[in-house]
Amino acid sequence: MRYSQLLLKTTKESKQFDSINATLLIKGGFIDQTMAGVYTFLPLGWRVLNKIENIVREEMDAIGAEMLMPTLSPRSLWEQTNRTGFDVLFEARGANKASLAKNDTAFIINPTHEELITPIVQKMKPSYKDLPFGVYQIQTKFRNEERPKSGLLRGREFRMKDLYSFHVSLESMQEYYEKAKEVYMNVFRRVGLGDDTYIVRASGGDFTKDFSHEFQTVCESGEDTIYVNDEGDGWNKEVATEEVQSSYTQHPASEVGNIFPLGTKFTKAFNYHFRHEDGQEKPVYMASYGIGTSRIMGVLVEKFHDERGIIWPDSVAPYTVYLAGLNGDDETIRNQADGVYKALQKAGIDVLYDDRNVSPGDKFGDADLLGIPWRVVVSKKTGGQIEVKRRTEQDNTLMSAEEFIKQVTN
């Protein structure tokens with residue numbers, strides 16, 4: 001993609017937002033704030049989010065089938081599960097006064113989908129032979145946060161992967177639950193958070209009296225506190241005993257995922273049973289599993305940045321290479337840069353080609369701010385070669401375009 005053809009405008013303004021991720025993502029033209037807690041993902045940010053979600057999708061396919069549920073649900077479903085008092089619910093009503101007079105129905109804008117998926121599966125009437133199974137979606141969710149803050153970490157509108165599993169027994173649910181932990185850690189390793197992410201016990205909240213489990217990434221700016229020992233056993237501060245707090249190591253952390261053993265809470269609310277092989281009706285067990293994909297994006301920026309900008313892990317960077325053509329008034333150099341651009345594209349390498357007529361300083365500043373893993377420069381100084389530098393390194397190297405392509409593709 002040529003920079004001149006991309007809806008991208010970086011800013012060097014010194015304005016600081018309430019978090020590192022909001023500041024750098026807005027300055028880098030990844031997102032735009034519509035209002036408190038609500039952001040537009042601009043083309044560069046959408047590329048990053050898509051890469052994160054594709055990794056999530058590839059891993060979730062090992063334990064579930066993807067689907068898509070509606071954003072709106074009837075309030076009656078939430079009344080049936082006794083969750084209309086959920087303090088973060090948004091309700092929606094028609095804006096036309098004439099239609100309100102005829103139909104004053106309120107709808108819930110879903111923050112989660114237990115109320116929808118349970119009756120859907122109940123309609124399918126799967127037998128004991130069909131269980132267990134899991135279904136998931138990746139979707140925009142809504143929470144009526146009183147004080148949205150920290151950029152993508154706590155918003156009113158956000159992206160989430162939610163998976164729901166259905167089982168004939170508690171034992172089956174627990175087995176699937178443990179498998180989901182492994183799959184989740186695969187996700188966090190692949191997006192670049194694996195070394196610092198721990199599974200910690202947490203409150204079951206509105207879902208269960210048992211512990212739920214959070215996936216917490218150690219992060220200096222994290223809003224949570226966790227306690228972890230040398231074996232990786234972890235606790236959220238809210239449920240940690242005094243003994244744990246005194247013997248485990250304390251860390252600030254940010255939550256990137258959570259899983260809940262729901263048991264029969266929702267299936268009982270909808271009177272959903274299955275017929276066992278012995279002919280008896282028995283309750284269906286459930287669990288739910290969430291990953292905040294837009295939240296992951298924010299946590300990555302909080303963890304991986306320096307004074308110059310973002311440092312994206314290779315797996316989720318918007319592009320692999322930032323190609324800067326200098327001396328654009330020189331036709332020979334311009335043609336050489338164009339040739340390098342075409343060669344990178346032909347090799348299947350994602351490249352952002354900065355073809356603007358701006359100063360080298362502006363181009364290098366954007367390369368650092370955007371955090372693309374490789375910077376490649378074509379100029380009079382490089383001769384027939386290219387200047388290559390890793391975002392994480394200080395030194396640059398001269399090599400041929402062919403050598404660089406081989407290095408990156410290998």
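Taking the side chain as every heavy atom from C-beta outward, Ser172 and Pro132 approach each other to under 4.5 Å. Leu323 places none of its side-chain heavy atoms less than 4.5 Å from the side chain of Val377. A 4.5 Å side-chain heavy-atom check between Gln33 and Val38 finds every atom pair outside the cut-off. Counting heavy atoms from C-beta outward, Val301 and Lys303 have side chains that stay 4.5 Å or more apart. Counting heavy atoms from C-beta on, the side chains of Leu89 and Pro111 come closer than 4.5 Å. Side-chain contact between Met160 and Ile291 is absent, with no heavy-atom pair separated by less than 4.5 Å. Residues Asp368 and Tyr322 have side chains not in contact (no heavy-atom distance under 4.5 Å, counting atoms from C-beta outward). Ser400 places none of its side-chain heavy atoms less than 4.5 Å from the side chain of Ile386.
The cationic atom of Arg47 (NZ for Lys, CZ for Arg) lies less than 6.0 Å from the six-membered ring centre of Tyr319 and within 45° of the ring axis. Judged by the 6.0 Å distance and 45° axis criteria, Arg356 is positioned over the aromatic ring of Tyr3. In this structure, Arg390 satisfies the cation-pi test against Trp374, with its NZ or CZ atom closer than 6.0 Å to the six-membered ring centre and inside 45 degrees of the ring normal.
Here the shortest heavy-atom pairing between Ser212 and Pro261 reads CA-CD, 4.1 Å. For Pro148 against Gly37, the heavy-atom pair with the smallest separation is CB-CA, 3.6 Å. When all heavy atoms of Ala337 and Tyr353 are compared, the pair lying nearest together is CB-OH, 3.2 Å. When all heavy atoms are compared, the tightest approach of Val228 to Tyr248 is C-CD2, 3.6 Å. The shortest non-hydrogen separation linking Ser203 to Phe260 is O-CE2, 4.2 Å. Summarising the geometry of Pro70 relative to Asn110, their closest heavy-atom pair is O-ND2, 3.1 Å, with the distance given to 0.1 Å.
The pair Asp354-Arg375 fails the salt-bridge criterion, with no side-chain N (NZ, NE, NH1 or NH2) lying under 4.0 Å from an Asp/Glu carboxylate O. Ionic pairing of Glu281 and Arg275 is present here: one or more N-O contacts between side-chain nitrogen and carboxylate oxygen are shorter than 4.0 angstrom. Taking 4.0 Å as the cut-off between side-chain N and carboxylate O, Arg190 and Glu59 count as a salt-bridged pair. Lys179 has no carboxylate O lying under 4.0 Å from a charged side-chain N of Glu175, or vice versa, which leaves the two without a salt bridge. A salt bridge links Glu53 to Arg159: at least one charged side-chain nitrogen sits closer than 4.0 Å to a carboxylate oxygen. Here Glu387 does not pair with Lys381 in a salt bridge; the nearest charged N to carboxylate O distance is not below 4.0 Å. Remark: Asp32 does not engage Lys9 in a salt bridge, criterion side-chain N to carboxylate O under 4.0 Å. Using a 4.0 Å cut-off between charged side-chain N and carboxylate O, Glu114 and Arg83 make a salt bridge. Salt-bridge annotation for Asp210 and Arg201: absent, with no side-chain N of the basic residue lying under 4.0 Å from a carboxylate O of the acidic one. Using a 4.0 Å cut-off between charged nitrogen and carboxylate oxygen, Arg143 and Asp87 do not count as a salt-bridge pair.
In the model, Tyr341 has no side-chain atom that pairs as donor or acceptor with a side-chain atom of Asp355 under 3.5 Å. Side chains of Tyr198 and Asp233: no donor on one and acceptor on the other come within 3.5 Å. Donor-acceptor pairing under 3.5 Å is lacking for the side chains of Asp162 and Gln139. Using modelled atom types and a 3.5 Å distance limit, the side chains of Thr320 and Asp350 yield no donor-acceptor pair. Side-chain N/O atoms of Glu115 and Thr81 include a donor and acceptor closer than 3.5 Å. With 3.5 Å as the limit, one finds no donor-acceptor pair spanning the side chains of Ser169 and His167. Asn410 and Gln407 share no side-chain donor-acceptor pair at under 3.5 Å. In this model, a donor atom of one side chain and an acceptor atom of the other lie less than 3.5 Å apart for Ser221 and Glu302. Side chains of Ser254 and Glu223: a donor-acceptor N/O pair is present below 3.5 angstrom, by distance only. Judged by distance alone, the side chains of Thr217 and Asp196 never bring a donor and an acceptor atom under 3.5 Å apart.
Annotation: Tyr285 is not in aromatic contact with Phe166 [ring centroid separation under 6.0 Å not met]. Between His213 and Tyr177, the distance from one ring center to the other falls under 6.0 angstrom.
More than 12 heavy atoms of other residues, nucleotides or ligands shown are found within 6.0 angstrom of NZ on Lys181. In this structure, Glu178 places its CD atom where more than 12 heavy-atom neighbours from other residues, nucleotides or ligands lie under 6.0 Å away.
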Walk me through whether Lys237 and Ile226 qualify under side-chain contact (heavy atoms from CB on, under 4.5 Å). CA-CA 5 Å; Lys237 183 179 180 179; Ile226 63 171; over 6 Å; no
Under the criterion salt bridge (Lys or Arg N to Asp or Glu O under 4.0 Å), I'd like the reasoning laid out for Asp306 against Arg391: C-alpha separation, chi angles, the key distance, then a yes or no. CA-CA 10 Å; Asp306 59 18; Arg391 176 64 178 86; 2.8 Å; yes
Are Glu79 and Asn82 close enough, and set up right, to give a side-chain hydrogen bond (donor to acceptor under 3.5 Å, both in side chains), and what steps lead you there? CA-CA 5 Å; Glu79 291 171 348; Asn82 197 30; over 6 Å; no
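Taking OG1 of Thr382 as the start and CG of Leu326 as the end, the distance is 8.0 Å to the nearest 0.5 Å.
With Phe30 as reference, Leu44 is the one residue of Leu44, Leu369, Asn21, Leu24 to meet the side chain to side chain contact (heavy atoms under 4.5 Å, CB included) rule.
Below 30°, between 30° and 60°, or above 60°: for Tyr184 and Phe188 the angle between ring planes is above 60°, a perpendicular geometry.
Here the side chain of Tyr227 pairs no donor or acceptor atom with the backbone of Thr241 at under 3.5 angstrom.
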